[in-house]
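A short write-up of the structure that comes next.
Numbering starts at 1 and runs along the sequence shown.
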Amino acid sequence: MSALLDAVRAGRTAEVVGLLDGMTAAERRSVFPELKALRKELRADRWSSQATRAHPALHAAGAACQTGAAAVASWLAATDMRWSQASPGLLLHLLRDRDPEWLADVVHRLAQRPSSTNASYELMAGLVRLADCPVPTTETYVQGWVWHMGSTWKEADTLVERLRAEPHLRALVPALFETGEVGGSLWWLGTEGPNSWPGALSQLADEGVLERKTLIDVCLARLLRGGQTNGLRVCLRLLKTLSLTRAEERERTADWLALSSDALSVVAAYAQSVLSALALDGELLPRQLAQMSEAVLFRTDKKLVRAQLVLLGKVLARDPAAADVLLPAAAQAFGHPDAEVQERALKLVERHAGKVTATQAREELALVATQLIPALRSRAAETFGTAAPAPEPLAYEEMLPPAPEPTRLPHAPESVTELAEEIGAVLASDGDVAAFERALDGLVRQAHGNREALVEALNPVARRHWWDGEGEPGGPSRAETRFSGHQTLVSPSDALALLLATVRGKVLTATLQASLQRWTVSTGCPHGPLEAAFDARFWEISFRLRTDPTPCPSCSPHPPGAPACWTRTSW
C-alpha cells in the first residue's frame, strides 16, 4: 500500500495501474482513506506542480478503490481534478470487472451532472458499452456526443457515416432537440451542406435510418418551446432541409398557427409561409386564417404584418364569401402602432367592405375603426357609413421645462474618513455631478494638506478594485498597466480611480507626465473635443498632485505675487 501511495504521489500512472490490478477488492477499500487524505493535502494548492503531476494517478486510484456508485461518480467528476484526470481508457480498464448494473448506475450519475463538470464523453460511452445499458439522454451526455461526432473522424470520413455507425442514434437524435440548449452547439458546427448536421440528419431520414415523423415532431416541439436563437435556427434549417410534403404540413396546421403567433421572427415567417401556401390552395379554413391573422397582426414585425395583409387580400379576391370572417380579423391592424400599417389595413377593408353581408361584422369593423389615427378615422367613417368623429380636444399644451437655477455646492468634507466614504459611493455608482465634484474637491485638498491620513482612509476603498493590485512579480502595478499608454478615462469613476492610484503611489510620475504631454484631439467624432477636455483635466490634476507644491489656502482674494492657483485654473 505504501508503494501505491508513493507511485500516486510521483504521478507514475502505469505503475499505479499495475499495483491496482494485483490487489483484491478488500485491499483496494483499505487503501482508500489514505488516498482521500492525499487528495485533501493536494487540494490546498491544486495548481502546484506536485498536484498536477499526482492528480491523474490519484484520479484513477480513487475511482478503483471505492465500492459505491455515487461515490465513484463524485470522485470522477471532482472539481479539484477536473483539468488533470486519468485517461478514459485507463479508467475503463480499472472498472471493467464491476457488475453491469453498478456500471450503469455510475454512467447515469455522471450524465446527470452539469456539463461544466467536464465529465468525459469517452468514459461515459465506454461505461455504456460495458454495462450494455440504455444510453443516457441528458444534456451532459448529448453535448459530449455532439462534440465527439464533430471533432473525431478519419480522413475522407463524413458526418453521415459517423452517425450511421452510432448504435444509439435513434435515442440520441431526438434528445438533441429536447435537452437544454444542445441544439445551439450544432449551429457552431455548421448548418449548410451535406456534411452539416441538418444535411446529415435529413439524409439518414431519407434512408430510413431515422424515423422522419419523429424528426419533424421534435423539431416543431422545440420551436414551440422557444429558447436560444441559434438552437431554433438549427431546427428551422432541418425542417427546410427535410422539405416537408403538403400532407405533412397540413397535419401540423395547429403547430404552424402557434408558431406564427409567438415564435421568433424568422421562425414565425417560415410558419406564415407554410400557412399562406395552404390558404391559397384552399386547404386552410377561413376561421383558421382569421385566427392566424389576429395573432400575426398583433406582432410588431412590420414585414410579417404586411405579408399577412397581402395574403388576406388574395384570399378575399378568390373567396368573397369569407369577408364576414376575414375582414374583422384584418381590422385588428387598426390598432397597430405604425401608421403605415394602419393605412394598409384600411385600404384592404375599403376594397372589400362591400362583400360583408353580416350586420355584426360591419358593426365590429366600425367599432375597431376608432383605434385608427385621426387622419384615417374620417375615411373609415365614410366607408362604414357612420358619423365622422369629432376632433379630439388638446389634452395639454407643450411647454418647455423651466430653466435650472444655479445652486451652491456644499463644502467638501473636512474629515478624511467621511471623504473616503463619499469617494467609495461615487466609485460604486458614478453618482451625480454634484457628488462627483464634491468628492474631487475634497480629494485634491486633503492630498495636499493631509496626505498620510487620506491614504490610510482610502485603503479599504481602493482595495475593493482590481487596479489596486501589485501585478506580476517584478512587473508594473495593475494601476500602472491600466493607465499607461495614455488610456482614455471612460467615466467619472475612472477619473477618480486615476487620482486614487496617484495618491497611493500606484502610477509612476513619468507615466502621468507622458500622458499629459501626448494630448491630441480627434476630429473624427463630434464628442472628441469634449472627451479630450475631460481627460486632460484629470491627467493634469494627477500630475500636479505628484509634482506641484501645496496650493494657496484661498483663491479669492489671491495673495500678491503668488503663482496662479492651479486648482482653480485646472477646473
Side-chain angles (χ1 to χ4, degrees), residues 1-98 102-103 105-127 130 138 140-141 143-144 147-148 466 469-475 478:
M1 295 182 185
S2 62
L4 177 65
L5 287 174
D6 292 341
V8 170
R9 282 184 177 276
R12 299 192 294 270
T13 308
E15 182 180 344
V16 169
V17 173
L19 292 171
L20 289 171
D21 286 342
M23 296 171 66
T24 64
E27 290 173 335
R28 290 185 179 186
R29 287 194 299 270
S30 65
V31 79
F32 178 70
E34 297 184 47
L35 294 173
K36 188 176 180 181
L38 176 59
R39 176 187 175 185
K40 184 178 180 181
E41 175 188 335
L42 296 176
R43 189 184 297 160
D45 191 7
R46 70 175 68 175
W47 302 114
S48 65
S49 58
Q50 180 186 0
T52 304
R53 181 173 60 252
H55 272 157
L58 179 61
H59 190 243
C65 293
Q66 297 183 78
T67 56
V72 171
S74 297
W75 185 278
L76 290 173
T79 304
D80 52 335
M81 293 182 284
R82 179 181 304 176
W83 306 113
S84 300
Q85 297 182 352
S87 67
L90 189 75
L91 293 170
L92 292 173
H93 169 79
L94 293 172
L95 299 176
R96 69 186 187 281
D97 57 343
R98 301 292 184 97
W102 184 90
L103 293 173
D105 192 6
V106 171
V107 68
H108 280 82
R109 288 178 182 275
L110 284 174
Q112 289 169 1
R113 289 179 171 268
S115 56
S116 59
T117 57
N118 203 31
S120 169
Y121 165 76
E122 289 80 3
L123 173 61
M124 292 187 289
L127 292 174
L130 290 176
T138 63
T140 296
Y141 191 93
Q143 183 85 46
W147 287 109
H148 177 77
W466 67 270
E470 295 300 330
E472 297 295 334
R478 293 181 181 178

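Shortest non-hydrogen contact noted between H59 and L76 is NE2-O, 3.0 Å. Nearest heavy-atom pair, A125 versus Y141, reported as atom, atom and distance to 0.1 Å: CA-OH, 3.6 Å. Looking at every heavy atom in both residues, V16 comes nearest to A7 through CG2-CB, 3.7 Å. Here the shortest heavy-atom pairing between W102 and V72 reads CZ2-CG2, 3.6 Å. Heavy atoms only, all atoms of each residue included: A63 and R98 are closest at O-NH2, 3.9 Å. Minimum interatomic distance between A64 and L20 (heavy atoms only, all atoms of both residues): CB-CD1, 4.0 Å.
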side-chain contact (heavy atoms from CB on, under 4.5 Å) evaluation trace for L94 with D21
CA-CA 8 Å; L94 293 172; D21 286 342; 4.0 Å; yes
Evaluate the criterion side-chain contact (heavy atoms from CB on, under 4.5 Å) for residue pair R29 and Q66; output intermediate values, then yes/no.
CA-CA 6 Å; R29 287 194 299 270; Q66 297 183 78; over 6 Å; no
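Side chains of T140 and L110 form no contact here, defined as non-hydrogen atoms less than 4.5 Å apart. Annotation: side chain of T67 is not in contact with side chain of R28 (no heavy-atom distance under 4.5 Å). Residues E34 and L4 have side chains not in contact (no heavy-atom distance under 4.5 Å, counting atoms from C-beta outward). The shortest side-chain heavy-atom distance between T117 and T79 does not fall under the 4.5 Å cut-off. Side-chain atoms of K40 and K36, non-hydrogen and from C-beta on, never get closer than 4.5 Å to each other.
Of the N and O atoms on the side chains of D80 and H55, not one donor lies less than 3.5 Å from an acceptor on the other residue. Residues R113 and S74 have side chains that bring a donor and an acceptor to within less than 3.5 angstrom of each other.
Note that the CH2 atom of W75 and the SG atom of C65 stand 9.0 Å from one another [nearest 0.5 Å]. If you take CD on Q85 and CG on L90, they are separated by 12.0 Å, rounding to the nearest 0.5 Å. Here CG of L130 is found 8.5 Å from CG of L95. Values are rounded to the nearest 0.5 Å. In this structure, OG1 on T138 lies 10.5 Å from CD on Q143, to the nearest 0.5 angstrom. In this structure, CD on E27 lies 11.0 Å from CG on L19, to the nearest 0.5 angstrom.
The pair E41-R9 counts as a salt bridge, with a side-chain nitrogen and a carboxylate oxygen less than 4.0 angstrom apart.
Side-chain N or O atoms of S48 include one that pairs as donor or acceptor with a backbone N or O of D45 at under 3.5 Å.
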